Amino acid sequence: MKRGYSYSPSSSAGDGPPKSRVKYTPEGDAHFSEDFVQKVADHYSARTNQTLEEREASPIIHLKKLNNWIKSVLVQLYARRGDAVLDLACGKGGDLIKWDKAKIGYYVGIDIAEGSIEDCRTRYNGDADHHQRRKKFSFPARLICGDCYEVRLDKVLADDAPFDICSCQFALHYSWSTEARARRALANVSALLRPGGTFIGTMPDANVIIKKLREAEELVFGNSVYWIRFDEDYSEKKFKSSSPYGIKYKFHLEDAVDCPEWIVPFNIFKSLAEEYDLELVFVKNAHEFVHEYLKKPEYIDLMRRLGALGDGNQDQSTLSPDEWEVAYLYLAFVLKKRGQPDRMQTNSRRDKGKMHISKEDIMYINSV
């Protein structure tokens, strides 16, 4: 793919990781190392569920609340009562309450990190809160541990599909390490969504990151709560449009992230998604998203309930300037699967889900 875009990645020999022990080659020529994937999985597995006091003491607590608000708005905009939801890179299940409030009918969560899936199971069962047991969720669920950017999920979830909505929050960029993984991610979404189904997500805004890199004196930039560092392969801060995958950087965010990530040039992402019958509905930087949806009273009230908005109506009133700068690093997107929706089509096999998930109920899938 050689579609032009304003910043394009370098294809130096040092970009790529070493050859993989486990190879998954949907295009026949793409090999990917497990090393970086395992670093990401280990990082998130090691992060334990926090108590309410620990969460409130976070140096980025208001940023976390803002991100929760953005995800909540997306869910409210696109989820409908009774929907079947596929949550890619579901993490520790932080969005379960959002889906419950949307009164969905079925939920499948998949994540590569075993520790995160276990925490998600605990949260779904109502045992995650150290202070009080929350009520049972109203929808049956399944949890899967595996790499959703390596495995063909249409085979794994043949009895669960089609889904009405797919969500991938702050994680799709982990698929952009190779073209094969990026394609597998979008192929999975497309294969599992019904015609007219919706794909919602959030991920880093490559335009902003590249802009900040070029403005920085060195190959690192940030503030008191985050930093991003590119390696010497990108010392000229110039990239080739012929290689839009594998642009790796190290991202550190206080009390949240400390692992390798990959640039996702959005116009390349949009073009690739179209190959899989996924059409762009909208893309908005987080700042633009906040400005637009805070004009609506119901979302102002939601932000207040989440504790992400102070007494004033300024968009970032409870965020520090440094947290607000981090928010600028992200965007929200919505894609829709081509085809006429058939709401009469129902999934009669959602009895595969459980209202209480045991350790034995978790499915483990491999990329072999």
Side-chain angles (χ1 to χ4, degrees), residues 1-5 7-44 88-89 110-113 146-156 166 168 170-192 199 201 203-206 209-210 228-234 238-251 257 259-276 278 333 335 365-368:
M1 294 176 55
K2 294 189 178 182
R3 301 179 180 88
Y5 57 108
Y7 51 86
S8 47
S10 167
S11 56
S12 65
D15 287 353
K19 297 218 173 184
S20 174
R21 298 187 301 278
V22 177
K23 297 176 182 177
Y24 180 71
T25 57
E27 315 325 318
D29 62 352
H31 296 170
F32 183 70
S33 168
E34 291 180 299
D35 295 344
F36 291 127
V37 175
Q38 196 58 49
K39 284 182 181 178
V40 173
D42 291 346
H43 167 74
Y44 286 105
L88 298 180
I110 176 170
D111 198 275
I112 190 174
D147 189 344
C148 54
Y149 308 144
E150 288 282 330
V151 179
R152 279 194 59 172
L153 293 181
D154 58 331
K155 294 182 177 181
V156 176
C166 176
C168 187
F170 297 100
L172 194 61
H173 51 294
Y174 294 122
S175 74
W176 217 256
S177 49
T178 68
E179 181 175 356
R181 285 171 63 78
R183 285 184 175 277
R184 174 52 54 212
L186 290 169
N188 279 336
V189 172
S190 181
L192 292 167
F199 179 26
M203 65 180 173
D205 189 329
I209 292 173
I210 296 297
I228 287 176
R229 184 179 66 241
F230 286 79
D231 64 30
E232 290 297 327
D233 290 336
Y234 307 107
K238 294 180 180 178
F239 309 94
K240 294 181 181 177
S241 59
S242 58
S243 304
Y245 306 95
I247 314 173
K248 184 170 69 71
Y249 58 91
K250 180 68 180 293
F251 181 53
V257 183
C259 59
E261 298 193 348
W262 289 267
I263 288 287
V264 182
F266 195 84
N267 55 337
I268 301 294
F269 170 74
K270 176 177 178 289
S271 297
L272 194 66
E274 287 172 352
E275 293 185 29
Y276 293 94
L278 298 167
F333 67 86
L335 303 172
I365 55 177
N366 299 312
S367 57
V368 293

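Keep in mind that this is a model prediction, so the values were computed, not measured.
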**Asked** Nearest 0.5 Å, what's the CE-CZ distance between M203 and F266?
**Response** 5.0 Å
**Message:** Quick check: closest heavy atoms across N188 and C148, and the distance to 0.1 Å?
**Reply:** ND2-O, 2.8 Å
**Asked** Rounded to the nearest 0.5 Å, how far apart are CD1 of I228 and CD1 of I209?
**Response** 4.5 Å
**Message:** Between S190 (side chain only) and A187 (backbone N and O only), is there a donor and an acceptor less than 3.5 Å apart?
**Reply:** no
**Item:** The single option from Y276, Y245, Y149 passing side-chain hydrogen bond (donor to acceptor under 3.5 Å, both in side chains) against R183
**Value:** Y276
**Complete:** Here the gap from N267 atom CG to L272 atom CG, rounded to the nearest 0.5 Å, amounts to 11.5 Å
**Prompt:** Can you tell me how far CZ of R229 sits from NZ of K248, rounded to the nearest 0.5 angstrom?
**Reply:** 9.0 Å
**Request:** Starting at CD of E179, measure out to CD1 of I268 and round the result to the nearest 0.5 Å.
**Result:** 10.0 Å
**Item:** C168 side, atom SG; F199 side, atom CZ - distance, nearest 0.5 Å
**Value:** 5.5 Å
**Request:** Over all heavy atoms of both residues, which pair between P260 and K250 is shortest? Give the atoms and the distance, please.
**Result:** N-CD, 4.2 Å
**Asked** Can you name the closest pair of heavy atoms from Y234 and G246 and give their distance?
**Response** OH-O, 3.6 Å
**Prompt:** Can you check whether P244's main-chain N or O pairs, donor with acceptor, with W176's side chain at less than 3.5 Å?
**Reply:** yes
**Request:** Decide whether Y174 and R181 meet the rule of one side-chain donor and one side-chain acceptor closer than 3.5 Å.
**Result:** no
**Request:** For the pair V264 and L172, evaluate side-chain contact (heavy atoms from CB on, under 4.5 Å) and give the outcome as yes or no after the intermediate values.
**Result:** CA-CA 9 Å; V264 182; L172 194 61; over 6 Å; no
**Message:** Ring-plane angle category for F269 and F333, please: parallel below 30°, perpendicular beyond 60°, tilted otherwise.
**Reply:** perpendicular
**Item:** Nearest atoms (heavy-atom pairs only) where L153 meets I110
**Value:** CD2-CD1, 3.6 Å
